[in-house]
Amino acid sequence: RIPPLHVCARMEFNMQDNDGGTPEQLRVDALTQAAQATLKKDGDTAVQLWVKCCALSRIIFGDAHVELARCHIELASVYLELKGFWEQSLSHAVKGRDILLLVEKHVTSHDTRLLALYHNSWASCTIGRALMMCDQLKEAGASLRDAELMCTECGKIISCSYSGPSPRADGNDDSTHPHIVTMVTVARLEEDIACALARLSFKQNNYELAGRYFTKAVDHHISHHGNSSEGLIVLLQELARAEGYCKNYSAAAKALSTALDISQLTHGEESEGVAYICRTLASIRLMSTKDALMSLEDGDVTTHVTISELSTEDAAEVEQLLRRAEGIMCSLLGEEHCEAIECKVRSIYGGHLVLHEH
């Protein structure tokens with residue numbers, strides 16, 4: 001009788017000269033190092049280490065285990081977020097999802113069923129994001145909506161029916177690298193899914209739906225990071241952009257004002273990010289003028305209203321924002337730099353400001 005593949009792999013491993021220890025010991029080290037490299041955004045190292053984690057997990061657990069699926073999904077996320085390689089990301093995310101389908105056929109444990117559902121949602125989210133990168137928007141939407149439904153179901157299971165200790169992502173009580181599934185981890189995944197759906201909606205010119213999903217992402221982010229987190233800056237700018245396209249200028253200005261406060265707190269008063277937000281907020285203030293002419297040109301929202309057409313109070317605010325942006329960019333880059341010149345021109349003439357994707 002031929003033993004299973006993972007048993008053969010272990011036998012081959014044991015026959016080699018492995019001074020580093022058993023597969024279990026090596027896996028512990030590899031998981032720790034892979035997580036650290038991912039946090040440091042060291043893409044090349046993270047890829048190598050997650051590949052190693054996949055190999056060791058297959059030796060230890062076999063071909064149908066949640067932990068092996070998780071390592072493939074982690075690798076897919078690294079390829080997507082740190083390397084920008086959508087093809088490799090898609091391949092490993094699909095591999096992780098296929099493994100989870102095998103797990104679901106044989107699982108009887110409530111804990112493992114929940115873990116498989118959570119990781120299936122994560123895999124589907126990664127697949128959707130990878131598909132967006134290659135403009136397969138219809139398929140991306142289907143995958144992301146599946147991810148949303150599964151993640152919502154995870155939250156219901158944890159909050160309503162699960163009363164035991166938090167399950168481990170490897171489905172094994174002896175694991176030395178637990179990945180706990182709680183409402184916090186589910187909320188983080190919900191934020192990722194909401195962001196992806198918002199960006200997909202924006203690509204499809206559904207700005208109202210994009211705004212709703214960005215608002216949802218902001219709420220999830222605040223729930224586990226607080227209302228002054230650096231990660232909110234980009235989310236709020238994207239929310240403002242969606243609201244701007246919907247002509248909800250008050251909501252857009254509110255989001256940008258909050259982003260400006262956080263950016264000043266985290267990056268300092270004279271940072272490039274602060275200058276960019278000041279410029280965009282000035283554009284929104286101009287756009288909110290009742291007589292502003294709105295047009296769509298090459299995907300950008302453009303207004304041709306000038307400062308002179310604003311009320312005295314609004315004009316003073318817009319001019320102050322533009323002058324501040326000009327001062328920051330000139331200080332950072334020098335007066336002859338193209339970005340500084342652009343800010344200077346905008347602060348002098350005021351009008352023809354463009355709200356565009358950063």
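Position 1 is the first residue of the sequence; numbering continues from there.
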Rounded to the nearest 0.5 Å, what's the gap from CZ on Arg97 to CG on Leu100? Could you check? 10.0 Å
How long is the gap from CD on Glu153 to CG on Leu149, to the nearest 0.5 Å? 9.0 Å
Any residue meeting side chain to side chain contact (heavy atoms under 4.5 Å, CB included) with Asn248, in chain and number order, not counting sequence neighbours: Glu243, Cys246, Ala251
So which heavy atom on Gly21 is nearest to which on Gln25, and how close? CA-OE1, 3.1 Å
Could you work out, with ring-ring contact (aromatic ring centres under 6.0 Å, His included) as the rule, every residue matching Tyr79, not counting sequence neighbours? His92
Going by heavy atoms in the side chains, are Ser228 and Leu265 under 4.5 Å from each other? yes
Considering all heavy atoms of both residues, which atom of Glu272 and which atom of Ile328 are nearest to each other, and what is their separation? N-CG2, 4.5 Å
Who are the side-chain hydrogen bond (donor to acceptor under 3.5 Å, both in side chains) partners of Glu81, not counting sequence neighbours? Arg129
Residues clustered with Leu49, ILVMFWY side-chain links under 4.5 angstrom: none
Side-chain donor/acceptor of Ser223 to backbone N/O of His220, under 3.5 Å: yes
Minimum heavy-atom distance between Ile73 and His119, given as atom pair plus value: CD1-O, 3.4 Å
Other members of the hydrophobic cluster containing Leu131, with the 4.5 Å side-chain heavy-atom rule, please. Leu80, Trp86, Leu90, Val94, Ile127, Met133
Looking only at heavy atoms, the pair that brings Ile193 and Cys151 closest together is CD1-CB, 3.8 Å
Not counting sequence neighbours, which residues clear side chain to side chain contact (heavy atoms under 4.5 Å, CB included) with Ser250? List them please. none
All ring-ring contact (aromatic ring centres under 6.0 Å, His included) counterparts of His225, not counting sequence neighbours: His221
What I want to find out is whether Arg145 reaches Glu148 closely enough, with some N-O distance under 4.0 Å, to be called a salt bridge. no
Rounded to the nearest 0.5 Å, how far does CZ of Arg27 lie from SG of Cys54? 11.0 Å
Heavy-atom check, side chain of Phe214 versus side chain of Ser201, under 4.5 Å: no
Closer than 3.5 angstrom, by distance alone: can the side chain of Ser121 be matched with the main-chain N or O of Leu117 as a donor-acceptor pair? no
Return the CG to OG distance between Leu281 and Ser257, rounded to the nearest 0.5 Å. 5.0 Å
Nearest-0.5 Å distance that lies between atom CZ in Arg58 and atom SG in Cys53: 15.5 Å
Decide whether Val234 and Leu256 are clustered together by the hydrophobic rule: side chain heavy atoms of Ile, Leu, Val, Met, Phe, Trp, Tyr closer than 4.5 Å, transitively. no
Taken in chain and number order and not counting sequence neighbours, the residues that satisfy side-chain hydrogen bond (donor to acceptor under 3.5 Å, both in side chains) with Arg324 are Gln264, Glu269
Does Ser57 use its side chain to pair, donor to acceptor, with the backbone of Leu68 at less than 3.5 Å? no
Between Thr280 and Arg241, is there a side-chain heavy-atom distance shorter than 4.5 Å? no
What pairs with Asn205 under side-chain hydrogen bond (donor to acceptor under 3.5 Å, both in side chains), at least two apart in sequence or on another chain? Tyr207
Do Ser143 side-chain atoms and Glu139 backbone N/O form a donor-acceptor pair below 3.5 Å? no
Do Arg285 and Glu319 sit within salt-bridge range, that is, some charged N less than 4.0 Å from a carboxylate O? no
Side-chain contact, heavy-atom cut-off 4.5 Å: Thr258 with Leu232? no
State whether the number of non-hydrogen atoms from other residues, nucleotides or ligands found under 6.0 Å of Glu208 atom CD is greater than 12. no
What distance do Thr126 atom OG1 and Glu74 atom CD have between them, rounded to the nearest 0.5 Å? 9.0 Å
Taking all non-hydrogen atoms of both residues, which atom of Cys125 and which atom of Ala147 are closest, and how far apart? N-CB, 3.6 Å
Would you check, one step at a time, whether the test side-chain contact (heavy atoms from CB on, under 4.5 Å) holds for Ile99 with Asp63? CA-CA 7 Å; Ile99 293 169; Asp63 295 319; over 6 Å; no
Note: Ala37 and Thr45 closest approach over all heavy atoms is CB-CG2, 4.0 Å
Are side-chain heavy atoms of Leu209 and Gln204 found at a separation under 4.5 Å? no
Give a yes or no on whether the backbone of Gly327 and the side-chain of Ser331 come within a donor-acceptor separation of less than 3.5 Å. no
Spell out, as yes or no, whether a donor-acceptor pair under 3.5 Å connects the side chain of Thr266 to the backbone of Ile262. yes
Report the C-alpha distance between Arg188 and Glu191 in whole Å, list the side-chain angles of each, state the deciding distance to 0.1 Å, and finish with yes or no for salt bridge (charged side-chain N to carboxylate O under 4.0 Å, His left out). CA-CA 5 Å; Arg188 288 172 182 163; Glu191 179 188 338; over 6 Å; no
Counting heavy atoms not belonging to Gln320, are there more than 12 under 6.0 Å from its CD? no
For Glu87, the side-chain hydrogen bond (donor to acceptor under 3.5 Å, both in side chains) test, sequence neighbours excluded, returns none
Between Thr185 and Cys154, is the side-chain contact (heavy atoms from CB on, under 4.5 Å) condition met? List the steps. CA-CA 10 Å; Thr185 55; Cys154 281; over 6 Å; no
Exam field: side chain Thr32 to backbone Val28, donor-acceptor pair closer than 3.5 Å: yes
Report yes if the side chains of Ser271 and Ser263 come closer than 4.5 Å at any heavy-atom pair, otherwise no. yes
Below 6.0 angstrom between ring centroids: does that apply to Phe202 and Tyr245? yes
Mind checking what makes salt bridge (charged side-chain N to carboxylate O under 4.0 Å, His left out) contact with Asp219, not counting sequence neighbours? none
Could you check Lys83 against Asp44 for side-chain contact (heavy atoms from CB on, under 4.5 Å), going step by step and ending with a plain yes or no? CA-CA 8 Å; Lys83 302 292 290 181; Asp44 292 337; 2.3 Å; yes
Please evaluate residues Glu326 and Arg323 with respect to the criterion salt bridge (charged side-chain N to carboxylate O under 4.0 Å, His left out), reporting the C-alpha separation (whole Å), side-chain torsions for both, the decisive distance (0.1 Å), and the verdict. CA-CA 5 Å; Glu326 175 198 354; Arg323 293 291 184 187; 3.4 Å; yes
I would like to know whether Leu102 and Asp98 meet side-chain contact (heavy atoms from CB on, under 4.5 Å); could you show each step before the answer? CA-CA 7 Å; Leu102 294 174; Asp98 290 345; over 6 Å; no
Do Thr38 and Trp50 have side-chain atoms, one donor and one acceptor, less than 3.5 Å apart? yes
What I'd like to find out is whether the side chain of Val186 reaches to under 4.5 Å of the side chain of Thr152, using heavy atoms alone. no
Same cluster or not: are Leu332 and Leu260 linked, directly or through other Ile, Leu, Val, Met, Phe, Trp or Tyr residues, by side-chain heavy atoms under 4.5 angstrom apart? yes
Which residues pass the salt bridge (charged side-chain N to carboxylate O under 4.0 Å, His left out) test with Arg113, not counting sequence neighbours? none
